[in-house]
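If you're wondering where the values come from, they're calculated on a predicted model, not measured in any experiment. Positions are given from 1 along the sequence.
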Amino acid sequence: MLNKLSNSIYYLSNQDERDRPTLGLVCGDKHSLVIDSGNSVQHAKDFLQEIDKLNVPPVKYVVITHAHWDHFLGMNEFDATVIVNSQTNKVIKEWQGYLYDDSSLQKYVNTNKMTSMCKEIIQSEIPNRENFKLNSPNVIFEDSLTIDLGNKFCFLERIKSTHTDDSTIIYIPDEKVIFLGDSVYGANTNSLFHFKQSLLLPMIKDIQKYGSEFFLLGHESIYDKDKMNMYWKELTAASQATKSTSLESAIECFKADNKREPNDNELFFIEAFVNDQIIRSQ
């Protein structure tokens with residue numbers, strides 16, 4: 001079931017147990033635009049079935065927020081123009097060369113090109129896998145792009161991100177709504193979960209400049225402005241306290257700076273920033 005944010009914006013909530021991220025729908029007077037195509041053929045079909053229940057203009061565009069499998073493997077199901085930034089396109093080109101039979105999928109898992117969850121989703125939710133091949137994106141942009149859906153503009157921008165180097169956000173100015181994909185999350189490097197500390201403040205600046213009121217996230221669905229500001233506050237406080245590879249030192253610094261113990265979120269973020277220090281020191 002689609003969630004209605006306004007008369008022109010809808011979203012399908014994330015389902016973490018199936019690695020399904022939030023998918024978005026923005027409708028203008030003439031066209032509709034989809035944000036992320038889902039993690040499989042079945043995910044995309046489920047989304048399209050929900051869209052068909054609405055009286056909205058046909059989907060003309062699909063924007064992929066970044067090149068992680070759960071956001072683009074359903075894109076073949078859309079009879080629409082697929083839009084990506086140039087870095088996202090490079091990764092999708094690699095996936096276009098993949099084979100999807102069981103033996104090949106296991107090989108990709110063994111060589112860390114694919115997660116076990118990805119393999120399981122492909123096996124259960126992409127039919128005729130032996131003949132499956134990703135389509136090529138239709139429009140490739142560098143830094144930004146504006147789409148007119150008919151009295152409804154969507155502004156696409158590739159931003160600095162703690163999650164990937166190819167994160168695209170989508171801002172709808174008349175609604176003050178922004179789709180962030182996974183851009184505000186951390187990443188896994190050498191089996192360590194971390195936030196790229198050097199990119200944190202530039203990322204926040206890139207996002208806050210829009211003055212959004214509602215934020216759609218890949219794996220939490222929707223935040224209002226107060227909840228997003230709290231996320232930034234906790235993340236920033238954790239980063240400021242982390243100056244070395246010592247978790248104990250970072251926690252003590254946090255307590256000195258804030259005159260209190262870190263909460264669970266802040267402790268999670270501190271550990272992630274410590275991991276970033278470890279990765280950068282290697």
Side-chain angles (χ1 to χ4, degrees), residues 1-6 9-27 32-54 56 59 61-78 80 82 84 88 91-92 95 98 100 105 108-109 113-129 132 134 161-164 166-170 172 177-188 193 214-224 227-228 231 264-265 268 272:
M1 178 179 176
L2 293 182
N3 302 283
K4 183 178 181 179
L5 183 56
S6 73
I9 299 179
Y10 303 81
Y11 65 94
L12 186 67
S13 295
N14 60 297
Q15 295 176 271
D16 287 344
E17 69 278 3
R18 300 170 75 182
D19 257 8
R20 289 186 168 188
T22 304
L23 306 181
L25 176 69
V26 183
C27 308
S32 294
L33 176 147
V34 159
I35 297 159
D36 282 332
S37 65
N39 73 350
S40 67
V41 168
Q42 189 59 52
H43 191 194
K45 285 183 174 179
D46 291 348
F47 188 35
L48 284 165
Q49 285 178 358
E50 295 299 323
I51 294 174
D52 285 342
K53 297 175 185 177
L54 304 174
V56 299
V59 174
Y61 304 103
V62 176
V63 179
I64 306 299
T65 59
H66 64 293
H68 282 168
W69 67 275
D70 52 325
H71 295 259
F72 68 75
L73 275 182
M75 71 182 194
N76 287 12
E77 296 306 302
F78 294 85
V82 177
V84 300
T88 299
V91 179
I92 288 178
W95 280 73
Y98 284 11
Y100 294 87
L105 292 176
Y108 300 143
V109 171
K113 292 182 177 180
M114 183 181 292
T115 66
S116 295
M117 175 63 81
C118 178
K119 182 192 78 167
E120 292 168 10
I121 293 295
I122 289 172
Q123 288 173 327
S124 63
E125 297 193 10
I126 296 183
N128 303 316
R129 289 182 287 114
F132 182 77
L134 275 174
S161 167
T162 53
H163 185 65
T164 67
D166 70 317
S167 291
T168 292
I169 59 173
I170 300 91
I172 301 92
V177 171
I178 194 164
F179 284 82
L180 298 175
D182 292 355
S183 61
V184 301
Y185 300 143
N188 283 290
F193 178 79
F214 293 98
F215 305 78
L216 280 297
L217 283 71
H219 296 277
E220 267 87 18
S221 289
I222 188 164
Y223 279 13
D224 62 17
K227 191 171 183 180
M228 199 72 220
Y231 182 82
D264 289 344
N265 288 339
F268 174 79

Approximate separation, where rounding is to 0.5 Å, of [X] [atom1] and [Y] [atom2]:
X: Trp69; Y: Met114; atom1: CH2; atom2: CE; answer: 9.0 Å
X: Phe47; Y: Asp52; atom1: CZ; atom2: CG; answer: 11.0 Å
X: Gln15; Y: Asn39; atom1: CD; atom2: CG; answer: 9.0 Å
X: Tyr11; Y: Phe214; atom1: OH; atom2: CZ; answer: 9.5 Å
X: Ser37; Y: Leu23; atom1: OG; atom2: CG; answer: 7.5 Å
X: Ile178; Y: Leu180; atom1: CD1; atom2: CG; answer: 5.0 Å

Check this for me: Asp264, atom CG, are more than 12 non-hydrogen atoms of other residues, nucleotides or ligands nearer than 6.0 Å?
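Open.
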For atom CG of Asn128, is the number of surrounding heavy atoms from other residues, nucleotides or ligands below 6.0 Å larger than 12?
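No, because the 6.0 Å sphere around CG of Asn128 holds 12 heavy atoms or fewer from other groups.
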Could you report the tightest heavy-atom contact between [X] and [Y], atom names first, then the distance?
X: Ala67; Y: Val91; result: CB-CB, 3.4 Å
X: Thr164; Y: Ser167; result: OG1-OG, 2.9 Å
X: Arg18; Y: Ile121; result: O-CD1, 3.5 Å
X: Ser183; Y: Ser161; result: O-OG, 2.7 Å

Side chain of [X], backbone of [Y]: donor and acceptor closer than 3.5 Å?
X: Ser40; Y: Ile126; result: no
X: His163; Y: Gly186; result: yes
X: Tyr10; Y: Leu54; result: no

Does any non-hydrogen side-chain atom of [Y] lie less than 4.5 Å from one of [X]?
X: Leu5; Y: Leu216; result: yes
X: Thr65; Y: Ile170; result: yes
X: Asp36; Y: Ile64; result: yes
X: Val84; Y: Phe72; result: no
X: Ile51; Y: Leu2; result: yes

Among Leu25, Val26, Leu33, whose side-chain contact (heavy atoms from CB on, under 4.5 Å) with Val59 holds?
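Checked Leu25, Val26, Leu33 against Val59; only one passes side-chain contact (heavy atoms from CB on, under 4.5 Å): Leu25.
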Out of the candidates Glu120, Gln123, Lys113, only one should pair with Leu105 under the side-chain contact (heavy atoms from CB on, under 4.5 Å) rule; please name it.
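The passing option is Gln123.
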Test side-chain contact (heavy atoms from CB on, under 4.5 Å) on Glu220 and Phe215 and set out the steps.
CA-CA 10 Å; Glu220 267 87 18; Phe215 305 78; over 6 Å; no
Step-by-step side-chain contact (heavy atoms from CB on, under 4.5 Å) determination, Leu73 to Glu125:
CA-CA 10 Å; Leu73 275 182; Glu125 297 193 10; over 6 Å; no
For the residue pair [X] and [Y], does the interplanar ring angle fall in the parallel (under 30°), tilted (30 to 60°) or perpendicular (over 60°) class?
X: His71; Y: His66; answer: tilted
X: Tyr100; Y: Trp95; answer: tilted
X: His219; Y: Tyr185; answer: tilted

After noting the C-alpha distance and the side-chain angles of Asn3 and Ser13, does the key distance pass the side-chain hydrogen bond (donor to acceptor under 3.5 Å, both in side chains) rule?
CA-CA 7 Å; Asn3 302 283; Ser13 295; 2.8 Å; yes
Output, in order, the C-alpha distance, side-chain angles, deciding distance and verdict of side-chain contact (heavy atoms from CB on, under 4.5 Å) for Tyr98 and Leu134.
CA-CA 9 Å; Tyr98 284 11; Leu134 275 174; over 6 Å; no
Could you give me the CA-CA distance, side-chain angles and deciding distance for Leu12 and His43, then say whether side-chain contact (heavy atoms from CB on, under 4.5 Å) is met?
CA-CA 10 Å; Leu12 186 67; His43 191 194; 4.1 Å; yes
Pairs involving residues 37-48, ordered by first then second residue, that meet salt bridge (Lys or Arg N to Asp or Glu O under 4.0 Å) (sequence neighbours left out)
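Sorted result for residues 37-48: Arg20-Asp46.
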